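Everything quoted here is computed from the prediction, not taken from an experiment. Start at 1 and go down the list; that is how both ligands and their atoms are numbered.
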Amino acid sequence: MSFAPVKPEIHHPPLKIADDTWLIQQMQEAAIGPLWVYLHSLVIKGKEPIIVDTGTPANREQWLADVFSIVDPGDVRWIFLSHDDVDHSGNLEQVMEACPNAKLVTTWFMIERHTGAFNFPLERCVWINDGDSFSAGDRTLQAIIPPLFDSPTTRGLYDDRTGTYWAVDTFALPLPGPMNDITGLPAEAWQGGMEMFNCMNSPWFKLLDPAKFERHVDRTQKLEIQTIAGCHTPVIPRSHVDAAFQMIRRIPHLEPPPQPQQGDLDELMHCIATGKQYVWEPAPPPNGS
Ligand SMILES: [Fe+2]
Ligand SMILES: [Fe+2]
């Protein structure tokens with residue numbers, strides 16, 4: 001058996017979401033049912049083109065082809081790494097090699113955490129911490145920690161020219177299939193999926209002081225956001241931005257969601273062996289409530 005990651009079977013082509021701004025798309029099927037999760041990154045093709053996160057190793061060939069169908073590798077001036085998780089840093093080496101004129105926008109701590117997987121060229125690095133900005137010719141990009149995150153190095157990115165905010169892992173959710181923006185999903189499914197994924201991805205949410213969290217969310221929401229793009233969500237257009245933040249503000253008041261257990265894995269293996277579709281049903285809470 002090969003342990004190499006499985007290439008996606010379906011190609012979801014780049015999607016223009018704002019002036020000069022393209023979403024690089026990948027969809028991955030969840031093991032536990034007919035659910036899909038996006039694994040996006042971004043290309044901003046201004047005066048000084050920027051690649052925001054670098055996709056997954058599983059989608060390497062297609063990701064590189066998609067990115068370089070939009071921008072010539074020699075023209076790329078900035079590669080912004082939001083954090084060092086594999087779905088965001090999966091083609092870092094390849095893109096740094098392909099784009100010799102690009103600086104890598106990272107942090108000291110990201111380098112310390114990720115240096116076992118990538119040999120950071122310090123002379124090509126720029127350290128941009130939360131709140132710092134950098135100029136890319138015709139726009140200023142500001143790094144702002146998103147409301148929720150799953151790595152201590154996470155910074156979102158706000159483009160002041162288009163009002164696009166890269167929210168990294170915040171607003172993540174599973175989907176029944178592809179959709180260009182979140183208006184394609186019923187409101188109930190949006191809320192349920194977002195609550196479940198954001199609680200799982202930031203399990204420290206139960207430790208939050210709700211009042212402090214409100215102020216933390218305010219910091220992002222007060223940006224003049226026209227479009228939210230994130231790694232694991234369809235685009236959230238201006239009309240739905242306030243509703244998205246409203247859902248995120250509920251997170252500290254929720255209970256941790258159930259997660260699949262060993263019995264579910266046994267059932268999944270049985271379904272695979274017998275050619276049936278497995279659909280995960282969460283076990284009822286122990287107290288029956
Ligand atoms: Fe992450
Ligand atoms: Fe992620």
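Interatomic distance, CG of Asp19 versus CZ of Arg139, reported as 8.5 Å (0.5 Å rounding).
Here the Fe ion (ligand 1) has protein N, O or S atoms under 2.8 Å from it, and they come to 5.
Salt-bridge annotation for Lys47 and Asp20: absent, with no side-chain N of the basic residue lying under 4.0 Å from a carboxylate O of the acidic one. Salt bridge annotation for Asp130-Arg155: absent, with no cationic side-chain nitrogen under 4.0 angstrom from a carboxylate oxygen.
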Handout entry: Residue pair His232, His88: steps toward the ring pair (Phe, Tyr, Trp, His ring centres under 6.0 Å) verdict
Key = CA-CA 11 Å; His232 314 293; His88 300 255; 5.7 Å; yes
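Through side-chain heavy atoms spaced under 4.5 Å, either directly or across other Ile, Leu, Val, Met, Phe, Trp or Tyr residues, Ile44 is tied to Leu15, Ile17, Leu23, Leu42, Ile50, Val52, Trp78, Phe80, Val105, Val126, Ile128, Phe134, Leu141, Leu157, Trp166, Val168, Val235.
Between Phe213 and His216, the ring planes are tilted. Angles from 30° to 60° get that label.
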